Amino acid sequence: DGGITQSPKYLFRKEGQNVTLSCEQNLNHDAMYWYRQDPGQGLRLIYYSQIVNDFQKGDIAEGYSVSREKKESFPLTVTSAQKNPTAFYLCASSIRADSNYGYTFGSGTRLTVV
Amino acid sequence: AQTVTQSQPEMSVQEAETVTLSCTYDTSESNYYLFWYKQPPSRQMILVIRQEAYKQQNATENRFSVNFQKAAKSFSLKISDSQLGDTAMYFCAFMKPYNNDMRFGAGTRLTVKP
């Protein structure tokens, strides 16, 4: 079945460390997105990518970095510069960047700083 | 920038009854798309229903329907014959056409009681 796979499901990070969250899709979608979810704040856009080798900052990109070397993959790195990284992270995709049909989401990664 | 407001942080309903979740949004656009997403305890975001602003007819999907009031910028979700599996967070979302920037409300936590 086609879908989006996020791994790991739970991730623990020590302060000062960089960590990378994986997002892989087999839907042949062009566009991919990373959202952060905090209690009471809904979802906020971190980065998005419309095509391979291209990505744009969202509303809260500071302290995060991404790459899009393959159409199927859009990993997110949470750097030590991110001051409050504990959150739930969701990856999503859409068939095209200008698609009006909504997004398909992965099942998320819960990141905790210890 | 567009904003989406869900004024009910939590709601509950008895099984088999009907419940309505509220959503308002702010935009100067005349054409746009609205969505309701469901996030069950598994945390996977699932598209429930989608509405195109230029269509007068309210969207329906089985037990789920919307009341779209364009002039009032209101987009409420009605769940009929509530089932225990409807227990979830529900997010309202807004998107301009051909624009990869989906905006989410803070969510409403719905509990269906047996």
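Numbered from 1 within each chain, the chains take letters A, B, ... in sequence-line order. Please read all numbers here as calculations on a predicted model, not as lab measurements.
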Joint hydrophobic cluster, [X] plus [Y], side-chain heavy atoms closer than 4.5 Å:
{"X": "A:Phe55", "Y": "A:Tyr64", "answer": "yes"}
{"X": "B:Phe91", "Y": "A:Tyr48", "answer": "yes"}
{"X": "B:Phe68", "Y": "B:Phe64", "answer": "yes"}
{"X": "A:Leu90", "Y": "A:Phe74", "answer": "no"}
{"X": "A:Tyr89", "Y": "A:Tyr35", "answer": "no"}

Give me the contact list for [range] versus chain A, heavy atoms only, anything under 4.5 Å, ordered by residue number.
{"range": "residues 5-19 of chain B", "answer": "none"}
{"range": "residues 45-63 of chain B", "answer": "B:Met45, B:Leu47, B:Arg50"}
{"range": "residues 105-114 of chain B", "answer": "B:Gly105, B:Ala106"}

Checklist entry - Could you give the distance from CZ (B:Phe104) to CD (A:Gln37), rounded to the nearest 0.5 Å? => result 9.5 Å

Checklist outcome for this item: CZ (A:Phe88) and CD (B:Gln39) are apart, to the nearest 0.5 Å, by 6.0 Å

With only heavy atoms counted, which part of [X] is less than 4.5 Å from chain B, the side chain, the backbone, both or neither?
{"X": "A:Tyr103", "result": "both"}
{"X": "A:Tyr101", "result": "both"}
{"X": "A:Ile4", "result": "neither"}
{"X": "A:Leu45", "result": "side chain"}
{"X": "A:Asp38", "result": "neither"}
{"X": "A:Gln50", "result": "side chain"}

Next on the checklist: For A:Ser107 versus B:Arg43, what's the shortest heavy-atom pair and its separation?
Outcome noted: O-CB, 4.0 Å

Next on the checklist: If I compare all heavy atoms of A:Asn100 with all of B:Phe35, which pair ends up nearest, and what's the gap?
Outcome noted: O-CZ, 3.7 Å

Next on the checklist: Can you list everything that forms a side chain to side chain donor-acceptor pair (under 3.5 Å) with B:Asn67? Sequence neighbours excluded, please.
Outcome noted: B:Gln69

Checklist entry - Which region of B:Met102, side chain (C-beta onward) or backbone (N, CA, C, O), has a non-hydrogen atom less than 4.5 Å from a non-hydrogen atom of chain A, or is it both or neither? => result both

Next on the checklist: Run the ring pair (Phe, Tyr, Trp, His ring centres under 6.0 Å) test on B:Tyr37 and A:Phe105 for me, step by step, so that the C-alpha distance in whole Å, both residues' side-chain angles and the decisive distance to 0.1 Å come before the verdict.
Outcome noted: CA-CA 10 Å; B:Tyr37 280 89; A:Phe105 284 85; 5.4 Å; yes

Checklist entry - Around atom NZ of B:Lys78, are there more than 12 heavy atoms of other residues, nucleotides or ligands at under 6.0 Å? => result no

Item to check | Whether over 12 other heavy atoms sit under 6.0 Å from A:Ile95 CD1 | outcome: no

Checklist outcome for this item: Answer key: most heavy-atom pairs under 4.5 Å with chain B among A:Gly108, A:Gly102, A:Gly40 is A:Gly102

Checklist entry - So which of A:Pro39, A:Gly58, A:Ser94, A:Gly106 has the largest heavy-atom pair count under 4.5 angstrom toward chain B? => result A:Gly106

